[in-house]
Amino acid sequence: MSQELRTAMEKAPQRALLKALGLTDDEIDKPLIAIVSAKSEIVPGHIHLDRITEAVKAGIYAGGCTPVVVPSIGVCDGLAMGHGGMRYSLPSRELIADSVETMLIGHAFDGAVFVPNCDKIVPGMLMGAARVNIPSIFVSGGPMLSGKLGGKKISFSSVYEGIGAVKSGKMSLNELTAVENAACPGCGSCCGMYTANSLNCLLEALGMALPYNGTALAVAADRIRLAKRAGEAACKLVREAVTPRMIMTKRAFTNALALDMALGASTNTLLHLFAIAAECNIALDLDLVQSISDKTPTLCKLSPSCETDMEDLGLAGGVPAVLHELAKKGLVDGSAHTVHNCALADDYEHAHVLNENVIHKIDNPLSPVGGIAVLKGNLAEQGAVVKRSAVAESMLVFGGKAKCFNCEEDAVAAIYSGRIQKGDAIVIRYEGPAGGPGMREMLSPTSALVGMGLDKDVALITDGRFSGATRGAAIGHVSPEAAEGGKIALVADGDIIKIDIPNGRITLDVPAKTLDARRKKLRPHDTDVSGWLLRYQNLVTSAATGAVMKKKF
């Protein structure tokens, strides 16, 4: 894109501005590669990205191109959790994609290296990369080390669960403070198979990042070397004119979904994969997800379901070892293209499982089906999703009495006050993409249930979404959402809700005539929002299609 800037006489004014940056004629004469960095001093996963960016710079210079750093915003879901800030998390994905488009096209870059780490930043950058479609590669910031306390590994979700333990008398305030002080020992994305780490692993299966992008620790020298190699690879991509949409084909997305199922990754990945695919003009749907889940075994069980963390996954062989196992049964397409000019199979063919307690062999899976399940029924006609690998076996088939709440805060208050009993099915509605607006990520209610010892006896159903740190029978993305008139808006306290995860069903056991009568009395739910959230509310679509923005108005 910058060729005209480099050579045309009429572009002398633009070259003068580049020289104001300190660039020499020699640097201007080479391809300009943007390093899109999410570095900030408020997000633990991003605090160290300046080191990663400097390593990318070195790689780009070594590859014979000129690097220029440009910024990206990023919301820390953990810091935004439990207050109004969480309404901005999912919408920030759209702002990031728009800003990528603006910065890359506005400044005529030839290529880009994206340096994200956390939840919405990875998919937002991927959406922008697909939209602009100039040669691009990703290198993430890497996962955080686990916290250690009393000889056990702990993580960010341990702190949330500790609050419930204090409320129920199982933990003292001093013990909670000790957990708080030890849970997050330094920089990086939170150490479990939460949304950020799920997406950073899926980047490998999509072909948009080098091997071990998902597992090389934030504090490791491996991460710096990876960043240098990514910078060099970007130069090669520019010279060979290999663009994101050439890599992110339908088979790349099905590979990513297969890895998603094998890892037992966050349900949020479905929202994001659908949105990224849409930018590539590829249609994904929940029926495809279910078909891949039905045939893909779960090979890994990672935090928050147990103490096994991202470092353990890396030491056991990382994503390449998982892909190698899936390839043995033809569950990934190894011919898919990657950012370092090879087939995906070249990335995993020499990888092997080094610890079968962390990565199970394909013939000895943790489960014969994938870690995420799609549920459909009269309560979720367009679908809902659950992280099946984090659900206790006793809760896979469940029937409970509904207790309904129109916001997350009311549900949390009910849990902590003892109003939720074993056998209840908590319904939290008007938290969907439009109804929230913003589809808040809910770790507080699920962690409260765990802390209160109710996670194996109570289901939670919402048109909102859940943190990747969630465990238990937490069913999210119920579509249509309440704000669109979905049946979740018609549920009343005491209604029986039946959940059958193995058979993919969620049913509201109420006669159709009763529901019709309730619908006639239903009134619009006022969210009272303004600014960017009001625009988002009017433009966002269903969670079943990735909560993407309307393209026609």
Side-chain angles (χ1 to χ4, degrees), residues 59 63 111-114 122 126 129-130 133-140 198-216 222 225-263 265 269 273 276-277 279-282 284 288 291-292 295-297 299-300 313-314 316-354 359 361-362 370:
V113 181
F114 292 87
V122 179
L126 276 166
N133 204 34
I134 61 173
S136 301
I137 187 171
F138 281 66
V139 56
S140 304
S198 297
L199 287 161
N200 288 328
C201 288
L202 296 191
L203 279 169
E204 296 184 45
L206 279 172
M208 290 299 294
L210 300 176
Y212 307 102
N213 176 75
T215 54
D222 280 352
R225 290 193 291 270
L226 188 72
K228 290 177 180 177
R229 291 198 298 273
E232 289 187 82
C235 298
K236 192 173 182 182
L237 288 168
V238 169
R239 293 191 179 97
E240 295 175 354
V242 176
T243 63
R245 284 188 228 158
M246 295 167 66
I247 295 168
M248 289 193 287
T249 59
K250 184 69 172 282
R251 61 183 174 176
F253 284 100
T254 56
N255 285 342
L257 284 168
L259 177 65
D260 202 347
M261 300 307 159
L263 291 174
T269 57
L273 285 174
I276 299 158
E279 295 288 353
C280 297
N281 299 314
I282 294 169
L284 303 180
L288 173 65
S291 69
I292 292 173
K295 65 185 180 184
T296 307
L299 302 182
C300 301
L313 178 62
V319 168
V322 179
L323 291 173
H324 192 152
E325 289 302 309
L326 293 175
K328 290 177 181 178
K329 298 286 188 181
L331 296 172
V332 293
D333 185 341
S335 68
H337 198 58
T338 74
V339 285
H340 53 127
N341 196 28
C342 70
L344 184 65
D346 295 331
D347 286 346
Y348 63 68
E349 66 178 353
H350 299 298
H352 298 284
V353 175
L354 304 177
I359 303 173
K361 292 294 190 78
I362 195 76

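The figures that follow rest on heavy atoms only: side chains count, while hydrogens, waters and symmetry mates do not. Residue numbers count from 1 along this sequence.
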(request) With rounding to the nearest 0.5 Å, note down the distance linking CG in Asp347 to SG in Cys342. (result) 4.5 Å
(message) Looking at Glu204, is its backbone amide N or carbonyl O close enough to the side chain of Asn213 to form a donor-acceptor pair, meaning the two atoms are under 3.5 Å apart?
(response) no
(message) With rounding to the nearest 0.5 angstrom, report the CG to OG1 distance, Leu206 to Thr338.
(response) 11.5 Å
(message) Pair Leu203, Val319 - check side-chain contact (heavy atoms from CB on, under 4.5 Å), show working.
(response) CA-CA 10 Å; Leu203 279 169; Val319 168; over 6 Å; no
(request) Mind running side-chain contact (heavy atoms from CB on, under 4.5 Å) on Val339 and Leu237 for me, showing each step along the way? (result) CA-CA 7 Å; Val339 285; Leu237 288 168; 4.1 Å; yes
(request) With rounding to the nearest 0.5 Å, note down the distance linking CG in Leu259 to CG in Leu331. (result) 11.5 Å
(message) If you compare all heavy atoms of Val113 against all heavy atoms of Ala234, which two are closest, and at what distance to 0.1 Å?
(response) CG2-CB, 3.5 Å
(message) Under the rule for side chain to side chain donor-acceptor pair (under 3.5 Å), what residues qualify as partners of Arg251, not counting sequence neighbours?
(response) Ser335
(request) Would you mind reporting whether Val353 and Leu299 have side-chain heavy atoms less than 4.5 Å apart? (result) no
(message) So for atom NZ, which belongs to Lys328, do other residues, nucleotides or ligands contribute more than 12 heavy atoms lying within a distance under 6.0 Å?
(response) yes
(message) I'd like to check Asn133 versus Pro244 (side-chain heavy atoms, cut-off strictly below 4.5 Å). Are they in contact?
(response) yes
(message) Between Asp346 and His340, is there a side-chain donor-acceptor contact under 3.5 Å, judged purely by atom types and distance?
(response) no
(request) Please name all residues satisfying ring pair (Phe, Tyr, Trp, His ring centres under 6.0 Å) with Phe138, sequence neighbours left out, ordered by chain then number. (result) Phe114
(request) With rounding to the nearest 0.5 Å, note down the distance linking CG in Asn341 to CD in Glu240. (result) 4.5 Å
(message) I'd like to check the ring pair (Phe, Tyr, Trp, His ring centres under 6.0 Å) partners of His324; sequence neighbours left out, ordered by chain and number.
(response) His352
(message) Check this for me, if you would: do Glu232 and Arg229 make a salt bridge, where the nitrogen-to-carboxylate-oxygen distance has to be below 4.0 angstrom?
(response) no
(request) Kindly give the heavy-atom pair with the smallest separation between Thr296 and Ala258, and that separation in Å. (result) CG2-O, 3.4 Å
(request) Measure the shortest side-chain to side-chain distance between Ser291 and Leu288 over non-hydrogen atoms and say whether it is less than 4.5 angstrom. (result) yes
(request) To the nearest 0.5 angstrom, please state how far the CG atom of Asn281 sits from the CZ atom of Arg245. (result) 6.0 Å
(request) Mind listing the closest non-hydrogen atom pair of Gly334 and Ala343 along with its distance? (result) O-CB, 3.3 Å
(message) Please find the pair of heavy atoms, one from Thr269 and one from Ser198, that lie closest to each other, and give the distance.
(response) CG2-CB, 3.6 Å
(request) State, yes or no, whether a side-chain contact exists between Met246 and His337 at a heavy-atom distance under 4.5 Å. (result) no
(request) Hey, could you give me the CG/CG distance between Leu257 and Leu202, rounded to the nearest 0.5 Å? (result) 8.0 Å
(message) To check you understand the geometry: which heavy-atom pair defines the closest contact between Asp222 and Ala216, and what is its length?
(response) CB-CB, 4.2 Å
(message) On a heavy-atom basis, which atom in Ala321 and which in Ala351 lie closest, and how many Å separate them?
(response) N-CB, 3.7 Å
